[in-house]
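Right, one structure below, let's go through it.
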Amino acid sequence: IKKIGILTSGGDAPGMNAAIRGVVRTALTEGLEVFGVYDGYLGLCEDKITKLERSSVSDIITRGGTFLGSARFPEFKDKAVRQKAIENLKKHQIDALVVIGGDGSYMGAMRLTEEGFPCIGLPGTIDNDIRGTDYTIGYFTALSTAVEAIDRLRDTCSSHHRISVIEIMGRDCGDLTLNAAVAGGCEFMIIPEMSYTKEDLIEEIKLGFAKGKKHAIVTVTEHMCDVNQLAADIEAAVHHETRATVLGHVQRGGSPVPYDRILGSRMGAYAVELLKLGHAGRCVGVQNGKLVHHDIIDAINNMKRPFDVDLYNTAKRLF
Ligand code: ADP
């Protein structure tokens with residue numbers, strides 16, 4: 001192969017820029033040309049494709065988001081739309097495409113591969129919900145942001161003997177919530193992997209106050225419940241002021257922590273290596289510290305994301 005394309009798709013994540021830089025610089029070092037596709041699959045269909053140089057990725061390793069832009073583009077599920085994308089890639093004589101994104105973006109990459117255009121997927125999302133990798137690019141930065149927010153809420157909760165309900169992102173994956181709860185010293189958590197009842201939660205909070213606690217912090221993964229309603233129910237039952245805070249997209253932004261920069265750089269370089277070896281339809285992961293690659297569809301359909309039940313049990317004993 002001589003020319004490769006790169007795009008970022010779906011929800012953005014800190015460290016995507018480091019991954020783009022990893023791909024671009026490695027490819028150029030290997031004597032390949034690189035083309036940046038702006039705004040994900042949408043830009044691919046609209047031919048927003050530009051040649052990238054070494055300097056195109058200067059000074060981006062420290063920056064959150066993705067300088068290539070991202071997009072949600074459901075029309076990409078349509079084969080005719082993907083044909084247009086492949087035509088555009090061929091017009092620029094691009095031989096292979098690196099896609100940085102989540103599950104949905106991986107599906108797009110797999111479809112393109114099946115239809116004759118080789119792709120490699122890199123896991124870029126703060127949710128840490130991608131199969132075939134222990135960690136995703138962006139997760140540790142979001143974790144750090146969530147913990148900082150918890151620390152701040154804890155200060156004011158403690159002063160006012162208040163209860164705080166904090167909604168954390170993660171889609172259907174509780175990793176961000178569980179790890180933020182442990183690092184933030186939170187008493188209670190509601191995560192998709194473990195069942196809970198509101199009644200038990202309220203009893204535990206009451207017990208905490210009876211033991212002399214000055215405050216309580218409940219962390220909740222998004223979509224698990226209406227946090228404002230939960231806060232109202234807790235306040236009515238426990239008789240302490242209770243506030244809900246939704247951290248939201250604050251968790252998606254910010255300068256990536258070193259781990260995400262390193263992971264993005266490593267995975268970016270590895271994607272180029274795999275393409276040079278003729279691999280396609282693969283997704284890159286890091287497992288037990290080593291870079292690995294799997295069939296994208298097999299990873300999405302058949303691999304399980306391990307849930308750290310030991311950490312959950314430890315967390316419960318720390319309360
Ligand atoms: P993420 O990649 O973060 O999971 P999405 O699920 O929104 O985010 O997917 C990003 C984009 O990938 C979608 O907007 C769409 O363009 C493309 N995509 C998602 N699912 C498919 C699919 N089944 N086939 C082809 N393309 C898809």
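Predicted, not measured: the structure shown is a model, and the values here were computed from it. Whatever order the structure lists them in is the order used to number ligands and atoms, beginning at 1.
The closest approach between T125 and ligand 1 stays at or above 4.0 Å for every heavy atom of the residue.
Checking T156 against R243 by side-chain atom types alone, no donor-acceptor pair falls below 3.5 Å. The closest side-chain donor-acceptor pair between D12 and S70, if any, does not fall under 3.5 angstrom. Neither side chain, D175 nor N179, offers a donor N or O lying under 3.5 Å from an acceptor on the other.
Heavy atoms of F76 found under 4.0 angstrom from ligand 1 belong to the backbone as well as the side chain.
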Between E53 and K51, does a salt bridge (charged side-chain N to carboxylate O under 4.0 Å, His left out) hold up when you go through it step by step?
CA-CA 7 Å; E53 309 294 345; K51 190 162 180 247; 3.7 Å; yes
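When each of R282, R131, Q287 is tested with H294 by the rule side chain to side chain donor-acceptor pair (under 3.5 Å), just one qualifies, namely Q287. Each of E114, E87, E75, E115 was checked for a salt bridge (charged side-chain N to carboxylate O under 4.0 Å, His left out) with R82, and the lone residue meeting it is E115.
Here CE of M169 is found 7.5 Å from NE2 of H223. Values are rounded to the nearest 0.5 Å.
Among protein heavy atoms, the minimum distance from atom 16 (O) of ligand 1 is reached at F73 O, 2.6 Å. The protein heavy-atom contact nearest to atom 2 (O) of ligand 1 is S105 OG, 2.5 Å. Looking only at protein heavy atoms, the nearest one to atom 8 (O) of ligand 1 is R72 NH1, 2.9 Å. Atom 3 (O) of ligand 1 has as its closest protein heavy atom G11 N, 3.4 Å. Looking only at protein heavy atoms, the nearest one to atom 24 (N) of ligand 1 is K77 CG, 3.7 Å. For atom 23 (N) of ligand 1, the nearest non-hydrogen atom of the protein is M107 CB, 3.6 Å. Here the heavy atom of the protein found nearest to atom 9 (O) of ligand 1 is G104 CA, 3.4 Å. Protein heavy atom nearest atom 11 (C) of ligand 1, with residue, atom name and distance: S9 OG, 3.5 Å.
Less than 4.0 angstrom separates some heavy atom of Y41 from each of these atoms of ligand 1: 12 (O), 16 (O), 17 (C). Below 4.0 Å from some heavy atom of G102 lie the following atoms of ligand 1, by number and element: 1 (P), 2 (O), 3 (O), 4 (O).
Annotation: H293 is in aromatic contact with H279 [ring centroid separation under 6.0 Å].
When G121, A71, A109, G108 are ranked by how near their heavy atoms come to atom 26 (N) of ligand 1, first place goes to G108.
Of all non-hydrogen atoms in I205 and A216, the two that sit nearest each other are CG2-CB, 4.2 Å.
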